[in-house]
Amino acid sequence: MNTRPDTLTTDDRPSQGLTRRGLLGAAGLGLASGGYALGAAAGQADPTQEPEAVPFYGRHQSGIATAPPEHVTFATFDLDTVDADALRSLLQEWTATAARLTGGKGATASQLDGTADPGEARGLPAARLTLTVGLGASIFDQDGEDRMGLAALRPSALDPLPYFRGDSLDPARSDGDLCVQACADNAQVVFHAVHALVLSARGVASLRWTQSGFRGAKTSGERDPRNLMGFKDGTANVDPTDDDAMRRSVWVSGREEPSWMTNGSYLVARRIRILLDSWDALSLDGQERAVGRRKGTGAPLAQLVNGRPDLKAAVENQAVIPSDAHIRLAAPDQGDGPPLLRRSYSFSDGASGDGRLDAGLLFLAYQRDPQRQFVPVQQRLASQDALGSHLQHTASGLFACPPGVRPGGYLAQALFERL
Ligand code: HEM
């Protein structure tokens, strides 16, 4: 594994607390005005405090309950080793790197040294960067083999997702031994973070696939951004500020096996292309009936009863929310496990080669048990959803995101302590 030595002399070494912007000032590279370095010099700001930083340490990994920033890159990696100690060292290094980057600092103690940090985030703020790491089933066993002595610790929640009707998955862009969800309000901060993790993984793990995405900026007064079908997305979702709801739906409890996943969560990632040609050809009424909500306001087609769209509402024996409407089929009222926490981003990958846009939704959903939560919902959607004929699932992944890290600890520590 690449454990790049810190080549700085003590004199060169910036204080551990300096932020990326602080470093810029410290290096004398110039900062117009109002930057942390100048503010600090004038005694107006504490250069060790990055106001746009999301705390890295905690009971749960950040990037799950955190309000989604504007940009994401979802990246998966394959291990180039079957040595569990090398994987542990990588997770230790990623922990240290993630703690620094999310705090608005360089990837290592110095970014003035060109070899220590790729450098493209110099002068940029933390921008609410979060880095959320997950482990794929292939770490535990592959083709029935105990790949690196971890098979006994594999969560059954990582059982492979079944084939869903209409799936058109590209194996090269699916799965992976490790995943990283990097989110921030600045696309270059996101890129830099992934770049730094790719660099620090050299020799141990290689990038497998990535998907970047964005959230539509909210217009004033609107809580939810619009997806590329033009509808508000995320209206009926688990409220990440509601601890009880998060415990019911998202966080693995101490009663579930394996215990190393307590306070962690499972992530389902799907790259879903939206066939915009056929979608755009629908009338407004057709689009609203397919979703079950109004395009303009996001209100359900039927009235709310106890805060939920009334799925029983009918006019002249016709269901107001059609039987194949997306929100009816996806609704938790259908008797599945608790609802999913959806944290999706739109993507636009240019032209598809046939004169069409290659764009859609990077569906990211966190949950306690994908077999009870994602699978039954997606089975229903795949066979009946009116949106389905306008969608194509092209990539898929399922990952176990271990609990958060306490200072001095590292990602998935409890897994390795059970070895
Ligand atoms: C490109 C694909 C998709 C699009 C464009 C889409 C769009 C939407 C929209 C516009 C809504 C209504 C607003 C809201 O409550 O958020 C919604 C709701 C929902 N979607 Fe999707 N969705 C997609 C894929 C999926 C998938 C794959 C799942 C899960 C397997 C899913 C699960 C849900 C759930 C659980 C709701 C809330 C239903 C409720 O409780 O009312 N969606 N989606």
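The first residue in the sequence is number 1, and the count goes up from there. Just follow the structure's listing: the first ligand is 1, and inside any ligand the first atom is 1.
At the top of the distance list for atom 13 (C) of ligand 1, counting protein heavy atoms only, stands K232 O, 3.4 Å. Ranking the protein heavy atoms by distance from atom 27 (C) of ligand 1 puts Q378 OE1, 3.4 Å first. Protein heavy atom at the shortest distance from atom 3 (C) of ligand 1 is L361 CD2, 3.6 Å. Atom 15 (O) of ligand 1 has its closest protein heavy atom at A236 N, 2.9 Å. In this structure, the protein non-hydrogen atom closest to atom 14 (C) of ligand 1 is T235 N, 3.2 Å. In terms of protein heavy atoms, atom 16 (O) of ligand 1 is closest to G234 N, 2.6 Å. Remark: minimum distance from atom 39 (C) of ligand 1 to any protein heavy atom is reached at R308 NH2, 3.5 Å.
Any protein N/O/S atom under 2.8 Å from atom 21 (Fe) of ligand 1 was counted, giving 1 altogether.
Between F363 and F374, the ring planes are tilted. Angles from 30° to 60° get that label.
Which parts of ligand 1 touch F231 is read off a 4.0 Å heavy-atom cut-off, strictly below it: atoms 10 (C).
With sequence neighbours excluded, no residue forms a ring pair (Phe, Tyr, Trp, His ring centres under 6.0 Å) with F416.
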**Request:** Would you please test S200 and W94 for side chain to side chain donor-acceptor pair (under 3.5 Å) and show each step?
**Result:** CA-CA 7 Å; S200 68; W94 274 8; 3.2 Å; yes
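Under 4.0 angstrom from ligand 1, there are no non-hydrogen atoms of D224.
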